[in-house]
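Both counts, for ligands and for their atoms, begin at 1 and track the order of listing.
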Amino acid sequence: MKIKNICCIGAGYVGGPTMAVIAHKCPDIKVTIVDLNAQRIADWNDENTENLPVYEPGLDKIVLSARGRNLFFSTDVEKAIDEAEMIFISVNTPTKTYGLGKGMAADLKYIELCARQIAAVSKNNKIVVEKSTLPVRTAEAIKNILDNTGNGVEFQILSNPEFLAEGTAIDDLLNPDRVLIGGGTDTKGQEAIEALVEVYANWIPKERILTTNVWSSELSKLTANAFLAQRVSSINAMSELCEKTGADVSEVARAIGMDSRIGSKFLKASVGFGGSCFQKDILNLVYIAKSYGLNEVADYWEQVIIMNDHQKRRFAANIIKTLYNTVSGKKIAFLGWAFKKDTNDTRESAAIYVADDLLFEQANIAVYDPKVEEHTIFRDLDYLATRKPEENKEGVTVFEDPYEACRDAHAIAILTEWDEFKQYDWDRIYHNMKKPAFVFDGRNVLDVEEMRSKGFVFSSIGK
Ligand code: NAD
Ligand code: UGA
């Protein structure tokens with residue numbers, strides 16, 4: 001079966017870029033991305049690509065190449081479902097905030113809504129593709145909902161998890177290490193897999209398109225994120241030991257990374273990993289393991305999160321301790337709010353938690369981030385609900401100029417590894433700060449010796 005018409009439900013960080021790349025690479029396939037959020041769709045359709053709802057290097061060009069040709073953004077979910085032969089579900093699957101599994105399990109209400117809507121609208125056979133990250137065996141639940149509508153339509157469910165990382169999404173999509181497709185083992189399942197393989201084969205070598213059964217595919221996605229996050233927690237655990245022993249975590253990372261069995265990637269010590277997925281997916285994994293009574297497995301993976309929480313908390317505690325055990329009324333400048341560079345995404349960013357701890361000690365926080373907007377910063381803090389919105393407004397000021405953010409500050413905390421921080425005139429920043437001028441580099445972006453030679457009291461993670 002040759003696919004001619006694709007619908008994607010969910011125009012977020014995954015749905016937008018992945019479908020834009022499919023449309024860009026497959027001009028013969030009509031791709032319609034739909035979302036309930038009308039503002040998001042309007043932003044995707046905005047003439048001015050600076051207003052696209054997702055910031056990703058290179059995304060604007062890809063969108064411009066296909067939008068209006070074979071790439072469409074719409075709020076008409078039913079029409080897009082009806083017309084499509086293949087429907088991707090790319091909606092959010094956050095951690096549950098209520099009921100059984102609260103704080104751990106994935107909330108599948110948006111997924112179920114999609115399945116019910118597909119079931120209600122479909123008049124002919126369709127392939128439904130799980131693009132969202134889901135607990136293993138979710139395809140079974142989706143299939144149950146779809147198969148019980150009684151309108152005789154046949155559905156094939158595929159799992160096609162996304163491995164892109166934000167900030168490098170377009171490169172990751174154009175040139176992925178692998179694409180994973182899980183499907184049924186019977187003839188119809190294999191035909192559905194083949195249909196999706198053919199879509200990707202438009203630009204990805206077939207040997208990099210991996211096919212498995214559905215459960216392996218679903219579980220591989222959670223496993224990949226757990227392993228990646230585990231590496232960050234592992235190096236962060238060593239960073240604390242480095243600080244006590246005089247070892248340098250960058251040197252340790254380099255030394256172990258040259259062992260080809262370990263590999264050099266994902267060994268950067270930091271203030272802690274953030275992002276919408278690592279924590280959510282590991283908590284979900286822990287919940288699944290517990291639900292099968294696998295307590296040792298659950299405890300093993302939970303430790304990755306415990307270490308990450310510790311890393312964020314000890315960064316804030318170190319600032320307080322170093323500033324003579326009081327930050328009350330002191331201006332602390334934050335350089336960076338996004339959870340990593342080259343994205344405007346702030347979900348679960350370490351900056352939020354460090355800010356929360358410092359606000360608890362009555363610090364005045366001055367934030368500068370090149371891509372994150374003021375309302376997002378306050379939304380993040382208000383969402384914690386640890387203090388009233390007006391108290392957050394009182395404690396935090398957002399600046400558009402980094403030099404103004406740092407003026408008269410007692411300390412600077414670097415929370416995101418934006419490249420531009422290396423280009424700053426640090427002598428000028430030093431000159432305008434309160435003395436002694438402290439810098440806490442949570443991303444190890446600046447050179448320790450150079451910063452110390454300029455007069456800063458400088459500390460980085462794991463050094
Ligand atoms: P997101 O919140 O940015 O986007 C999800 C979108 O789905 C939202 O715009 C929301 O309005 C829309 N939506 C929800 N329910 C809907 C419905 N019933 N009908 C129409 N639209 C609906 O989320 P995201 O970051 O794109 O993540 C989506 C999924 O992909 C998650 O499961 C996530 O774990 C996974 N994932 C994310 C990344 C990433 O880098 N962000 C990478 C790989 C996988
Ligand atoms: C991660 C995975 O890398 C993707 O493969 C996956 O698709 C995605 O999650 C997902 O499922 O959402 P992402 O969260 O966008 O991608 O970004 P990463 O580059 O993985 O970084 C995650 C966090 O770890 C960031 O806060 C980053 O700064 C931190 N990190 C990463 C470190 O502290 N040290 C490192 O060495 C690497």
Side-chain angles (χ1 to χ4, degrees), residues 7-19 33-41 43-44 53-54 56 73-78 80-81 88-95 106-118 130-135 138 160-169 172-173 176-178 221-222 224-229 231-236 239 249 253 257 264-282 284 308 311-312 336 338-343 345-351 415-417 442-444 461:
C7 158
C8 172
I9 309 179
Y13 281 86
V14 169
T18 47
M19 293 301 129
I33 312 179
V34 292
D35 205 294
L36 294 173
N37 183 335
Q39 184 58 49
R40 234 183 193 182
I41 291 298
D43 291 343
W44 279 112
V54 171
E56 274 295 336
F73 296 91
S74 163
T75 49
D76 195 343
V77 182
E78 298 198 350
I81 292 175
F88 286 78
I89 302 181
S90 189
V91 300
N92 36 331
T93 49
T95 305
D107 191 344
L108 298 180
K109 69 178 170 199
Y110 306 106
I111 296 286
E112 178 165 345
L113 266 172
C114 290
R116 290 190 184 280
Q117 200 161 18
I118 295 168
E130 300 173 346
K131 184 52 108 178
S132 298
T133 303
L134 296 170
T138 305
N160 171 221
E162 185 48 61
F163 296 103
L164 70 79
E166 289 179 28
T168 53
D172 295 343
L173 290 165
D177 286 349
R178 72 348 200 147
K221 173 62 197 178
L222 294 181
N225 274 0
F227 271 59
L228 289 168
R231 281 177 72 94
V232 179
S233 275
S234 296
I235 199 70
N236 280 345
S239 75
V249 77
S264 61
K265 291 180 182 164
F266 253 74
L267 287 179
K268 282 201 203 84
S270 69
V271 54
F273 61 74
S276 63
C277 292
F278 277 178
Q279 173 162 313
K280 157 178 90 70
D281 293 347
I282 293 177
N284 185 8
N308 197 49
Q311 189 75 347
K312 291 183 272 191
F339 82 96
K340 62 185 284 196
K341 73 173 180 179
D342 291 338
T343 178
D345 196 346
T346 64
R347 290 177 287 181
E348 290 300 327
S349 178
L415 278 314
T416 314
E417 71 281 23
R443 295 292 183 168
N444 295 357
I461 303 281

Tell me which protein heavy atom sits closest to atom 7 (O) of ligand 1, plus the residue, atom name and distance to 0.1 Å. Gly10 CA, 3.4 Å
Heavy-atom nearest neighbour of atom 39 (C) of ligand 1 within options Lys221, Gln39, Glu166, Lys109: Glu166
Check: Thr93 N/O within less than 3.5 Å of ligand 1 N/O: yes
State the atoms of ligand 2, each with its element, that fall below the 4.0 Å cut-off from a heavy-atom position in Leu267. 36 (O)
Gly272-ligand 2 polar pair, N/O distance under 3.5 Å: no
Under 4.0 Å from any heavy atom of Ser90, which atoms of ligand 1 are there? 5 (C), 28 (C)
Relative to ligand 1, is Leu164 under 4.0 angstrom through side chain, backbone, both or neither, heavy atoms considered? both
Are any of the N or O atoms of Ala165 closer than 3.5 Å to those of ligand 2? no
Atom 43 (C) of ligand 1 [closest protein heavy-atom partner, distance rounded to 0.1 Å]: Glu162 O, 3.2 Å
Output yes when the distance from some N or O of ligand 2 to some N or O of Gly274 is under 3.5 Å, and no in every other case. yes
Closest non-hydrogen protein atom to atom 12 (O) of ligand 2, residue and atom name please, with distance? Cys277 SG, 2.7 Å
Location of contacts on Ser132 toward ligand 1, heavy atoms closer than 4.0 Å: both
Relative to the heavy atoms of Cys114, which atoms of ligand 1 are at a distance of less than 4.0 Å? 18 (N)
So for atom NZ, which belongs to Lys131, do other residues, nucleotides or ligands contribute more than 12 heavy atoms lying within a distance under 6.0 Å? yes
Run Lys221 and Glu130 through salt bridge (charged side-chain N to carboxylate O under 4.0 Å, His left out) and show every step you take. CA-CA 11 Å; Lys221 173 62 197 178; Glu130 300 173 346; over 6 Å; no
Donor-acceptor check, side chain of Arg231 to backbone of Lys265, threshold 3.5 angstrom: yes or no? yes
Atom 28 (C) of ligand 1 - nearest protein heavy atom and its distance: Val91 O, 3.4 Å
Can you tell if the side chain of Thr18 reaches within under 4.5 Å of the side chain of Leu173, non-hydrogen atoms only? yes
Work out whether the distance between some heavy atom of Gln117 and some atom of ligand 1 is less than 4.0 Å. no
Write out the residue and atom name of the closest protein heavy atom to atom 30 (N) of ligand 2, then the distance separating them to 0.1 Å. Val232 CG2, 3.9 Å
Name the closest protein heavy atom to atom 1 (P) of ligand 1, giving the residue it belongs to and the distance to 0.1 Å. Arg40 NH1, 3.7 Å
Is there a nitrogen or oxygen of Asp35 sitting under 3.5 Å from a nitrogen or oxygen of ligand 1? yes
Show me which atoms of ligand 2 lie under 4.0 Å from any heavy atom of Leu228. 2 (C), 3 (O)
Is the shortest side-chain heavy-atom distance between Glu162 and Asp172 below 4.5 Å? no
Atom 21 (N) of ligand 1 [closest protein heavy-atom partner, distance rounded to 0.1 Å]: Leu36 N, 3.4 Å
For ligand 2, indicate whether the residue Leu164 contacts it via side chain, backbone, both or neither (heavy-atom separation under 4.0 Å). backbone
Looking only at protein heavy atoms, which one is nearest to atom 36 (N) of ligand 1, and how far off is it? Val14 CG2, 3.4 Å
Below 3.5 Å, N or O to N or O, backbone or side chain included: is there any such pair between Tyr13 and ligand 1? yes
of all protein heavy atoms, closest to atom 23 (O) of ligand 1 is Arg347 NH1, 3.7 Å
The protein heavy atom nearest to atom 19 (O) of ligand 2 is Lys340 NZ, 2.7 Å
Should one rank Phe266, Phe273, Phe278 by closest heavy-atom distance to atom 2 (C) of ligand 2, which comes out on top? Phe278
With backbone taken as N, CA, C and O and side chain as the heavy atoms from C-beta onward, which portion of Ile9 lies under 4.0 Å from ligand 1: side chain, backbone, both, or neither? side chain
Do me a favour and list the nearest non-hydrogen protein atom to atom 5 (O) of ligand 2 with residue, atom name and distance? Phe163 O, 2.7 Å
So do the side chains of Lys109 and Leu113 get within less than 4.5 Å of each other, counting heavy atoms only? no
Does ligand 1 come near enough to Thr133 that some N or O of the ligand is less than 3.5 Å from an N or O of the residue? yes
Among Phe273, Phe266, Phe163, which residue meets the side chain to side chain contact (heavy atoms under 4.5 Å, CB included) test with Leu228? Phe266
Does Ser270, backbone or side chain, put an N or O under 3.5 Å from an N or O of ligand 2? yes
Which atoms from ligand 1 have a heavy atom of Gly12 less than 4.0 Å away? 1 (P), 3 (O), 4 (O), 26 (O)
Which residue and heavy atom of the protein sit nearest atom 14 (O) of ligand 2, plus the separation: Phe339 CE1, 3.5 Å
Do Glu166 and ligand 2 have an N or O pair less than 3.5 Å apart? yes
Could you check whether any side-chain heavy atom of Ile9 comes within less than 4.5 Å of a side-chain heavy atom of Ile118, counting everything from C-beta outward? yes
In terms of relative ring orientation, are Trp44 and Phe73 parallel, tilted or perpendicular, with 30° and 60° separating the classes? parallel
Taking the side chain as every heavy atom from C-beta outward, state whether Ser276 and Phe339 have any pair of such atoms under 4.5 Å apart. no
Do Ser270 and Asn236 have side chains that get closer than 4.5 Å, going by heavy atoms? yes
Would you sort out whether Thr93 and Asn284 count as a side chain to side chain contact (heavy atoms under 4.5 Å, CB included), showing the intermediate values? CA-CA 10 Å; Thr93 49; Asn284 185 8; over 6 Å; no
Is any N or O atom of Arg443, backbone or side chain, closer than 3.5 Å to an N or O atom of ligand 2? yes
Min heavy-atom dist Gly275 to ligand 2 below 4.0 Å: no
Does any non-hydrogen side-chain atom of Gln311 lie less than 4.5 Å from one of Ile461? yes
Below 4.0 Å from ligand 1: does a non-hydrogen atom of Val77 turn up there or not? no
Using distance alone, determine whether Glu162 and ligand 2 share an N or O pair under 3.5 Å. yes
Looking only at distances, can you tell me whether any N or O atom of Asp345, backbone or side chain, sits closer than 3.5 Å to an N or O atom of ligand 1? no
Based purely on interatomic distance, does Tyr110 place a nitrogen or oxygen under 3.5 Å from a nitrogen or oxygen of ligand 1? no
After noting the C-alpha distance and the side-chain angles of Thr168 and Asp342, does the key distance pass the side chain to side chain contact (heavy atoms under 4.5 Å, CB included) rule? CA-CA 8 Å; Thr168 53; Asp342 291 338; over 6 Å; no
Result for side chain to side chain contact (heavy atoms under 4.5 Å, CB included) between Met19 and one of Cys8, Ser90, Cys7 points to Cys8
Donor-acceptor under 3.5 Å (Ser132 side chain, Leu134 main chain): no
Which is it for Glu112 and ligand 1 at heavy atoms under 4.0 Å: side chain, backbone, both or neither? neither
If hydrogens are left out, which of Gln311, Arg231, Lys268, Lys265 has an atom nearest to atom 34 (N) of ligand 2, that is, the closest non-hydrogen atom? Lys268
Give the atoms of ligand 2, by number and element, whose distance to some non-hydrogen atom of Lys221 is under 4.0 Å. 6 (C), 7 (O), 10 (C), 11 (O)
